Amino acid sequence: MSPRKTLNIGLVGCGFMGRAHSSAFLRVNQFFDCDAQPVLKAVCARNPAAAEAFAANWGYQTFTTDWRDLVARRDIDLIDIASPNDTHAEIAIAAAEAGKMVMCEKPLGRNVAETRKIVAAVEAAGRANMVWYNYRRIPAVSLARRLIDEGKLGRVFHYRAKFLQDWTISADLPQGGAGAWRLDASVAGSGVAGDLLAHCIDTAMWLNGPIDTVTAMTETFVRERTHAATGKRQEVTIDDAAAFLARFANRSLATFEATRYARGHKAQYTFEINGETASISWDLHDLNRLQYFDHRDEDQVRGWRSLHVTDSGHPYMKRWWVPGLQIGYEHSFVHQVADFLESLSSGEPASPTFREAMATDLVTDAVLRSARSGRWEEVER
Ligand SMILES: NC(=O)c1ccc[n+]([C@@H]2O[C@H](COP(=O)([O-])OP(=O)(O)OC[C@H]3O[C@@H](n4cnc5c(N)ncnc54)[C@H](O)[C@@H]3O)[C@@H](O)[C@H]2O)c1
């Protein structure tokens, strides 16, 4: 085997996603046969002690507290952005202008204007780029896509998605700062729309095509919180919960709901699709299974089948253990890196590119516009 080419990574952010990405960069070559090998060159985080400890734990060669150091380095090929949403535009644009490949966490921008600038910059640079919509690469979700592409569902009538959490119900929770930046609109851009609905929308459009129009409602249940940075009570302007109806371009109808106020739910992402001949449904809490109902089955045994998506013929699974043994959340990130490395060899962009991911930001923008206007809103293209 010829030696693998190295792909030198500069990671920004060493929180939840910094860990998920690092784990994927480290493990990908042990399980997937890719031409390139990620090398953990340098990591950046605001707190020097945290950055140093992270570098030591994951094996990054150096650390810094200024992402510009990573962008300026000639020995870094790819900037991976795993920091809060208010940092994405500045870092992605600078990285693109420096000729780097860029990976970025979702949502790309805090709003559509930011997202459009980011997409323009990476496309002008002409380097590989990808957004971490990792749920597509959970094998059961990838299998759903395969079944739809094979026409097993026939014409699709309905799409139903929910993403439920309960971690912001306490009115004592501050907004802003390291722990609660998601509650500060100036950092996050929006609340559950850009955070949770974005995942539901990305998967939905990947499985069922573009969304044309939406009508939405949002609510901010706790209107004032202490800001971690100022210590003062400040208005909360994110959406705590959002629900919307949508019409896809293929004329199927959809309902979406996301909230951080569903007591008892920590991260329950579910979707169901009803077609003319079959239906499928999936639940993140049981992520190795895909539920499948086929109306064409012989009537005496017709019913919902619970597919355990662990066979070697299932997407990605032949790379892991023997059939019947399960994998987890973190593997979706490994799959995404494997597909990205494969794209560097094939020249076929890994999906979602920044442009493809912008489609999701355009839907969340229409959702927030509709919640304000109280009317159906068209999704911009
Ligand atoms: N794909 C997914 O499923 C998924 C899940 C969670 C978060 N996300 C996204 O990932 C991003 C990060 O979220 P998280 O949960 O990992 O956040 P986090 O709060 O756990 O970590 C954020 C990290 O960014 C660093 N940081 C903040 N500002 C910085 C700056 N100016 N320069 C350098 N580093 C900086 C912090 O030091 C911290 O290490 C967000 O865009 C979020 O929406 C995606």
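As the structure lists them, so they are numbered: ligands from 1, and atoms in each ligand from 1. Everything numeric in this text was worked out from a predicted model, so none of it was measured. Note that the numbering runs from 1 along the sequence shown for the chain.
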**Ala178 contact mode with ligand 1 (heavy-atom cut-off under 4.0 Å)** = backbone
**Message:** For Ala20, which part has a heavy atom under 4.0 Å from ligand 1: side chain, backbone, both, or neither?
**Reply:** neither
**Message:** I'd like to know if the side chain of Asp311 reaches the main chain of Gly313, judged simply by a donor and an acceptor atom lying under 3.5 Å from each other, with no hydrogens or angles considered.
**Reply:** no
**Request:** Answer yes or no: is there a donor N or O on one side and an acceptor on the other, between the side chain of Thr353 and the main chain of Glu356, under 3.5 Å?
**Result:** yes
**Identity and separation of the nearest protein heavy atom to atom 10 (O) of ligand 1** = Glu105 CG, 3.1 Å
**Item:** Atoms of ligand 1, numbered as shown, that sit under 4.0 Å from any heavy atom of His88
**Value:** 41 (O)
**Asked** Is the backbone N or O of Ile76 less than 3.5 Å from a side-chain atom of Lys100, with the two atoms forming a donor-acceptor pair by type?
**Response** yes
**Asked** Which protein heavy atom lies closest to atom 21 (O) of ligand 1, and at what distance to 0.1 Å?
**Response** Gly15 CA, 3.3 Å
**Message:** For the 3.5 Å polar cut-off, considering only N or O atoms, please tell me whether Asp195 and ligand 1 meet it.
**Reply:** no
**Asked** Starting from atom 25 (C) of ligand 1, which protein heavy atom do you reach first, and at what distance in Å?
**Response** Gly13 CA, 3.8 Å
**Message:** With a 4.5 Å cut-off on side-chain heavy atoms, are Gln175 and Val187 touching?
**Reply:** no
**Item:** Lys106 and ligand 1 - part of the residue with a heavy-atom distance under 4.0 Å
**Value:** both
**Asked** Is the backbone N or O of Glu272 less than 3.5 Å from a side-chain atom of Ser281, with the two atoms forming a donor-acceptor pair by type?
**Response** no
**Asked** When the ring planes of Phe293 and Trp304 are compared, do they come out parallel, tilted or perpendicular, using 30° and 60° as the limits?
**Response** tilted
**Request:** Side-chain contact test, heavy atoms from C-beta onward, threshold under 4.5 Å: evaluate it for Leu341 versus Pro38 and give yes or no.
**Result:** yes
**Item:** atom 32 (N) of ligand 1: the protein heavy-atom neighbour that sits closest, reported with distance to 0.1 Å
**Value:** Trp67 CD1, 3.9 Å
**Item:** Closest to atom 11 (C) of ligand 1 (judged by heavy-atom distance), picking from Pro84, Ser83, Cys14
**Value:** Ser83
**Asked** Val12 heavy atoms, cut-off 4.0 Å: which ligand 1 atoms fall inside?
**Response** 33 (C), 34 (N)
**Message:** According to ring pair (Phe, Tyr, Trp, His ring centres under 6.0 Å), who are the partners of Tyr60, at least two apart in sequence or on a separate chain?
**Reply:** Phe54
**Message:** For atom 34 (N) of ligand 1, what's the nearest protein heavy-atom neighbour? Residue, atom name and distance, please.
**Reply:** Ala45 CA, 3.7 Å
**Fill in**
Nearest non-hydrogen protein atom to atom 40 (C) of ligand 1, with distance, is Asn85 OD1, 3.3 Å
**Request:** Check each atom of ligand 1 against the heavy atoms of Trp132 and keep those under 4.0 Å away; list them by number with element.
**Result:** 1 (N)
**Request:** Under 4.0 Å, heavy atoms only, figure out whether ligand 1 is touched by the backbone of Phe16, its side chain, both or neither.
**Result:** both
**Asked** Heavy atom under 4.0 Å from ligand 1: found in Asn134's side chain, backbone, both, or neither?
**Response** side chain
**Item:** Any side-chain donor near an acceptor of the partner, Asp239 and Thr218, under 3.5 Å
**Value:** no
**Message:** I want to confirm something. Looking only at heavy atoms, which of Arg19, Gln336, Arg182, His199 is nearest to atom 14 (P) of ligand 1?
**Reply:** Arg182
**Request:** Indicate if Phe221 and Leu368 have the same hydrophobic cluster label, given that clusters are the connected sets of ILVMFWY residues with side-chain heavy-atom separations under 4.5 angstrom.
**Result:** no
**Prompt:** Among all protein non-hydrogen atoms, which one is nearest to atom 12 (C) of ligand 1, and what is the separation to 0.1 Å?
**Reply:** Ala82 O, 3.4 Å
**Message:** Just by distance, no angles: are the side chains of Ser186 and Asp184 close enough, under 3.5 Å, to form a donor-acceptor pair?
**Reply:** yes
**Message:** Heavy-atom pairs closer than 4.0 Å: do any link ligand 1 to the side chain of Tyr329, the backbone, both, or neither?
**Reply:** side chain
**Proximity winner for atom 29 (C) of ligand 1, if only heavy atoms of Met17, His21, Arg46 are counted** = Arg46
**Asked** Can you say whether the rings of His199 and Tyr133 are parallel (under 30°), tilted (30 to 60°) or perpendicular (over 60°)?
**Response** perpendicular
**Prompt:** Would you call the rings of Trp320 and Phe32 parallel, tilted or perpendicular if under 30° counts as parallel and over 60° as perpendicular?
**Reply:** perpendicular
**Message:** Students should be able to answer this: which protein heavy-atom is nearest to atom 31 (N) of ligand 1, and at what distance?
**Reply:** Thr87 CG2, 3.7 Å
**Message:** If we set the cut-off at 4.0 Å for heavy atoms, which region of Trp181 has an atom near ligand 1: side chain, backbone, both, or neither?
**Reply:** side chain
